Amino acid sequence: MDIGKKMRKYRVQNGLTLEELASRSELSKGFLSQIENDITSPSISTLNDIVEVLGMDLSSFFKDDKEEQIVFTSDDYFVDEKEHATLHWIVPNAQKNDMEPILLELAEDGESQEVLPHEGEEFGYVLEGKVTLIHGDESLELRKGQTFYIKGEQTHKLINKHKQKAKVIWVCTPPIF
């Protein structure tokens with residue numbers, strides 16, 4: 001881990017100059033510069049003083065800063081093919097996030113899994129074809145360009161009763177698929 005580079009990153013994020021950090025941490029500007037340039041290493045106690053000035057603790061400072069993937073292509077998708085339904089997880093590992101978007105393709109007579117009542121909300125956008133949203137005791141017909149937004153309080157699923165394939169972007173929070 002590059003402590004100096006990380007310290008500089010957090011110092012700049014906090015809008016502090018080296019001089020301001022030195023004053024607040026009661027260390028010299030030259031010493032902090034040497035840390036940032038990896039010429040010297042601080043003791044744990046000194047580093048703790050510095051990160052406190054930066055508004056964090058040591059565990060937060062040492063937490064891995066892996067870059068999150070922002071853009072995904074079809075090569076990143078995970079696909080689960082059933083007899084009449086195909087699920088595309090269009091954001092890999094979305095279970096760790098607050099929401100889970102999927103692309104659901106339903107062939108003729110295809111249907112999604114039945115989703116049992118849960119806390120959370122769901123949104124769907126019909127990209128192609130027509131689907132029936134079974135929501136509790138209701139049957140709601142949706143066609144291309146229409147959306148649905150439901151709470152997860154009732155059992156629900158999507159069915160394609162038509163000959164044309166249907167495609168739906170379905171976003172769940174929290175992740176359920």
Side-chain angles (χ1 to χ4, degrees), residues 1-3 5-7 9-15 48 51-52 54-177:
M1 167 178 280
D2 191 344
I3 290 174
K5 184 177 179 182
K6 201 163 195 177
M7 188 177 94
K9 172 185 149 188
Y10 289 124
R11 176 180 60 78
V12 171
Q13 281 180 353
N14 280 283
N48 189 52
V51 299
E52 281 182 5
L54 297 174
M56 55 187 11
D57 58 26
L58 284 173
S59 66
S60 298
F61 182 80
F62 285 110
K63 184 178 170 193
D64 194 7
D65 277 355
K66 288 186 180 172
E67 293 265 333
E68 291 280 330
Q69 185 175 353
I70 296 173
V71 177
F72 303 93
T73 67
S74 59
D75 292 337
D76 297 312
Y77 300 175
F78 172 75
V79 179
D80 184 14
E81 295 188 37
K82 310 271 187 218
E83 188 174 342
H84 293 284
T86 303
L87 284 167
H88 299 263
W89 278 266
I90 54 181
V91 176
N93 301 315
Q95 299 84 4
K96 67 179 173 46
N97 299 328
D98 292 331
M99 67 178 169
E100 179 181 35
I102 61 167
L103 171 61
L104 175 65
E105 293 183 31
L106 295 173
E108 179 181 358
D109 297 322
E111 61 182 68
S112 70
Q113 73 181 49
E114 183 172 69
V115 179
L116 299 175
H118 62 90
E119 287 188 28
E121 301 172 331
E122 299 177 36
F123 165 83
Y125 177 78
V126 182
L127 294 168
E128 280 182 29
K130 298 176 189 172
V131 293
T132 302
L133 170 63
I134 307 297
H135 185 246
D137 294 332
E138 285 185 273
S139 284
L140 305 162
E141 300 296 321
L142 295 113
R143 65 181 185 282
K144 179 180 177 179
Q146 291 186 312
T147 63
F148 65 88
Y149 185 91
I150 57 174
K151 303 264 187 212
E153 298 165 343
Q154 297 185 46
T155 302
H156 52 279
K157 65 181 174 181
L158 293 175
I159 300 173
N160 180 6
K161 300 176 182 178
H162 306 280
K163 294 192 183 299
Q164 180 187 3
K165 177 171 65 173
K167 287 186 179 182
V168 178
I169 294 287
W170 195 345
V171 182
C172 305
T173 180
I176 57 173
F177 288 101

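Bear in mind the structure is a predicted one, so any value in this text is a computation, not a measurement.
- Residues Ile3 and Phe62 form a side-chain contact, since some pair of their non-hydrogen atoms from C-beta on lies under 4.5 Å apart.
- Closest approach of Asn14 and Tyr10 over heavy atoms only: ND2-O, 2.7 Å.
- At least one donor-acceptor pair under 3.5 Å links the side chain of Thr173 to the backbone N or O of Asp98.
- Between Lys5 and Lys9 there is no side-chain heavy-atom pair separated by less than 4.5 Å.
- For Gln69 (side chain) and Val71 (main-chain N/O), a donor-acceptor pair under 3.5 Å exists by modelled atom type.
- For Met99, the CE atom sits in a loose shell: 12 or fewer heavy atoms of surrounding residues, nucleotides or ligands are nearer than 6.0 Å.
- Minimum interatomic distance between Glu153 and Pro117 (heavy atoms only, all atoms of both residues): O-CB, 3.5 Å.
- When atom types are taken as modelled, the side chain of Thr132 and the backbone of Ser139 share no donor-acceptor pair closer than 3.5 angstrom.
- Within the 3.5 Å criterion, the main-chain N or O of Leu87 finds no donor-acceptor partner in the side chain of Asp80.
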Query raised in the report: Does the salt bridge (charged side-chain N to carboxylate O under 4.0 Å, His left out) test come out yes or no for Glu128 and Lys165, once each step is laid out?
Result: CA-CA 7 Å; Glu128 280 182 29; Lys165 177 171 65 173; 5.2 Å; no
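- Salt bridge annotation for Glu121-Lys151: present, with a cationic side-chain nitrogen under 4.0 angstrom from a carboxylate oxygen.
- When all heavy atoms of Gln154 and Gly136 are compared, the pair lying nearest together is OE1-CA, 3.0 Å.
- Judged by distance alone, the side chain of Lys6 and the main-chain N or O of Phe61 form a donor-acceptor pair under 3.5 Å.
- Classified by interplanar angle (parallel below 30°, tilted 30° to 60°, perpendicular above 60°), the ring pair Phe148/Trp170 is perpendicular.
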Report task. Carefully, step by step, assess Leu106 and Ile159 under the rule side-chain contact (heavy atoms from CB on, under 4.5 Å). Result -> CA-CA 8 Å; Leu106 295 173; Ile159 300 173; 5.9 Å; no
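- Side-chain atoms of Glu141 do not come within 3.5 Å of backbone N or O of Lys130 as any donor-acceptor pair.
- Between Ile90 and Phe72 the shortest side-chain heavy-atom distance does not fall below 4.5 Å.
- The closest side-chain heavy-atom distance from Val115 to Glu122 is below 4.5 Å.
- His135 places no side-chain N or O within 3.5 Å of a backbone atom of Leu133 that could act as its donor or acceptor partner.
- With Asn160 contributing its side chain and His162 its backbone, the two residues share a donor-acceptor pair below 3.5 Å.
- Between Lys167 and Leu103, the closest side-chain pair of non-hydrogen atoms falls below 4.5 Å.
- Across every non-hydrogen atom of Ala85 and Glu111, the tightest pair is CB-O, 3.6 Å.
- Remark: Glu114 CD is packed, more than 12 non-hydrogen atoms of other residues, nucleotides or ligands lying under 6.0 Å away.
- Across Ala166 and Val131, no two heavy atoms sit closer than the pair CB-CG1, 3.6 Å.
- Of all the heavy atoms in Gly120 and Pro174, the pair that sits closest is CA-CD, 3.8 Å.
- Proximity of Tyr125 to Val171: side-chain heavy atoms (C-beta onward) are nowhere separated by under 4.5 Å.
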